[in-house]
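Chain identifiers are assigned alphabetically (A, B, ...) following the order of the sequence lines, protein sequences preceding nucleic acid strands; residue numbering begins at 1 within each chain.
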Number of protein chains: 2
Amino acid sequence: MRELFHDQLESIFDDLAAICSQVEVAVASATEALLKGDAEIAERVISADLEIDRARERVEDTAFSLLSLQAPVAGDLRVVVAALRMVTELERMGDLSVHVAKIARLRVPNIAVPDEIRPIVSRMAEVAEDMVARVKDVITERDVTAAIAVAKDDEEMDQLRRRSFTELLSDDWTNGVEAAVDVALLGRYYERIADHAVSVANRVVYIVTGEYPAALRA
Amino acid sequence: MRELFHDQLESIFDDLAAICSQVEVAVASATEALLKGDAEIAERVISADLEIDRARERVEDTAFSLLSLQAPVAGDLRVVVAALRMVTELERMGDLSVHVAKIARLRVPNIAVPDEIRPIVSRMAEVAEDMVARVKDVITERDVTAAIAVAKDDEEMDQLRRRSFTELLSDDWTNGVEAAVDVALLGRYYERIADHAVSVANRVVYIVTGEYPAALRA
């Protein structure tokens, strides 16, 4: 019984890591669509999101069946519930990539991000994508040190967001209101992807150690 | 055993309804701070959020103890897991109210929302607050009809958001980039509060009927 439980739990974690890969592609492709102004890539991100939703449903079904049939208690129970929360957050990261792709699509044949703020937006996207990639490893390896390191990247994201506001609101901003609104919302979407990445990483720390990282408690 | 389970479940729902009241106050007060440019009210929203976080922790503890000690299966299990998700969403609605309050605080002694767009932002806030109030009743009464009606309000929110973009991006917008960015982000926050309200209402439908409203499936 215990062995079966752990096999099934392992398969949930494999699925979570696979969803993380899908999210990584979504973030990378949405960013490519955004920075190239490519409607086709944007469409691909939007339609691929359905697969992430379905993968989430499969994980939820497995987790419920595990809870129903095995009735885990204490630590095991918390692990399964943590997995249910992780899959919700991963799905949300997919949704946020879709929001990025939709802004890209809305501005085609133009590019939503003006040249002068491109380095900051581009770096935000890189940080987000990197965090998602590392969360995938954290899930696969259950690596607490790597999980805690994910939160460090989030600090860079916060700095980038502040820098983007400084640019948008400076007297030198000549790109108008539309571009400013787009960049503010894009910043919000990448920031939320990063927040969720930290949260998923923290749940892995919890699963391994039984405690959330104190400094990071959300 | 069954009776104990249902008593404990009932107490979880009472707690969820109480948190919903706290969120209702948070949304209303954040809006008041925003539209009056009142830093003191904004501070109050920000510090009161800690109480919502603590109330969430209490609900989570009760739910875990219920799962551990009673090992519910099938429908009962899904109800407890739904309650865990509802509390996460309610807490998030509190966080979003804090975001509104922080924009208000940032602009004091000015008011973040320019007069010409005040009717739209003000209506967004009303819709959000009304949705939260109705979700509280939905939780208390387990009223499926009322739950489905919450989703209707969300359509008005989407329309308001579109109208706000039309205003921000029109040639007549004379309030500059900063106000436009503030209003775009405020619109996003109220929209997300509304989304979460719909989601919580849908979970009540699920708890009562065993199915999510098809048209509303998220």
Side-chain angles (χ1 to χ4, degrees), chain A residues 53 56-57 60-61 63-78 80-82 84-85 87-89 91-92 95-96 99 103 106 161 164-165 167-189 191-192 195-196 199 212 217-218, chain B residues 53 56-57 60-61 63-78 80-82 84-85 87-89 91-92 95-96 99 103 106 161 164-165 167-189 191-192 195-196 199 212 217-218:
Chain A
D53 295 349
R56 170 188 57 83
E57 284 169 23
E60 288 182 351
D61 289 345
F64 274 112
S65 117
L66 198 57
L67 288 172
S68 268
L69 299 175
Q70 312 265 354
V73 295
D76 286 347
L77 172 65
R78 287 182 179 262
V80 180
V81 174
L84 275 170
R85 288 175 160 165
V87 78
T88 305
E89 289 176 308
E91 188 206 12
R92 189 77 208 124
D95 293 342
L96 289 159
H99 287 320
I103 289 186
L106 194 62
R161 188 110 197 275
S164 75
F165 281 120
E167 294 270 335
L168 295 182
L169 303 179
S170 89
D171 292 338
D172 301 338
W173 181 260
T174 55
N175 303 287
V177 168
E178 183 178 270
V181 165
D182 281 349
V183 170
L185 291 172
L186 289 164
R188 174 76 185 157
Y189 300 145
E191 180 193 42
R192 289 297 298 155
D195 288 344
H196 285 295
S199 175
Y212 280 100
R217 201 165 292 153
Chain B
D53 295 349
R56 171 189 55 86
E57 283 169 25
E60 287 182 352
D61 288 345
F64 273 112
S65 116
L66 198 56
L67 288 172
S68 267
L69 300 176
Q70 313 264 354
V73 296
D76 287 348
L77 172 64
R78 285 182 182 263
V80 180
V81 174
L84 275 169
R85 288 175 160 164
V87 78
T88 305
E89 289 175 310
E91 187 205 13
R92 190 77 208 123
D95 293 342
L96 289 159
H99 287 320
I103 289 186
L106 195 61
R161 187 110 197 276
S164 75
F165 280 120
E167 295 270 336
L168 295 182
L169 303 178
S170 89
D171 292 338
D172 302 338
W173 181 261
T174 55
N175 302 288
V177 168
E178 182 178 271
V181 165
D182 281 348
V183 170
L185 291 172
L186 289 164
R188 175 76 185 154
Y189 300 145
E191 181 194 41
R192 289 299 297 155
D195 288 344
H196 285 294
S199 177
Y212 280 100
R217 201 166 291 152

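With a 4.5 Å cut-off on non-hydrogen atoms, B:Arg78 touches chain A through its backbone and its side chain both. For chain A, no part of B:Val183 is nearby; none of its heavy atoms comes within less than 4.5 Å. Residue B:Ser65 does not touch chain A at all, counting heavy-atom pairs closer than 4.5 Å.
Counting heavy atoms from C-beta outward, B:Val81 and A:Leu67 have side chains that approach closer than 4.5 Å. Side-chain contact between A:Arg188 and B:Tyr189 is present, with heavy atoms from C-beta onward closer than 4.5 Å.
With rounding to the nearest 0.5 Å, the separation of CG in A:Leu185 from CZ in B:Phe165 is 5.0 Å. Annotation: the span from A:Arg192 atom CZ to B:Arg192 atom CZ amounts to 8.0 Å, rounded to 0.5 Å. A distance of 9.0 Å separates CZ in A:Arg92 from CZ in B:Arg92, rounded to the nearest 0.5 Å.
The minimum heavy-atom distance between A:Leu77 and B:Ser68, with the atom names listed, is CD2-OG, 3.4 Å. Shortest non-hydrogen contact noted between A:Ala180 and B:Val177 is CB-CG1, 3.4 Å.
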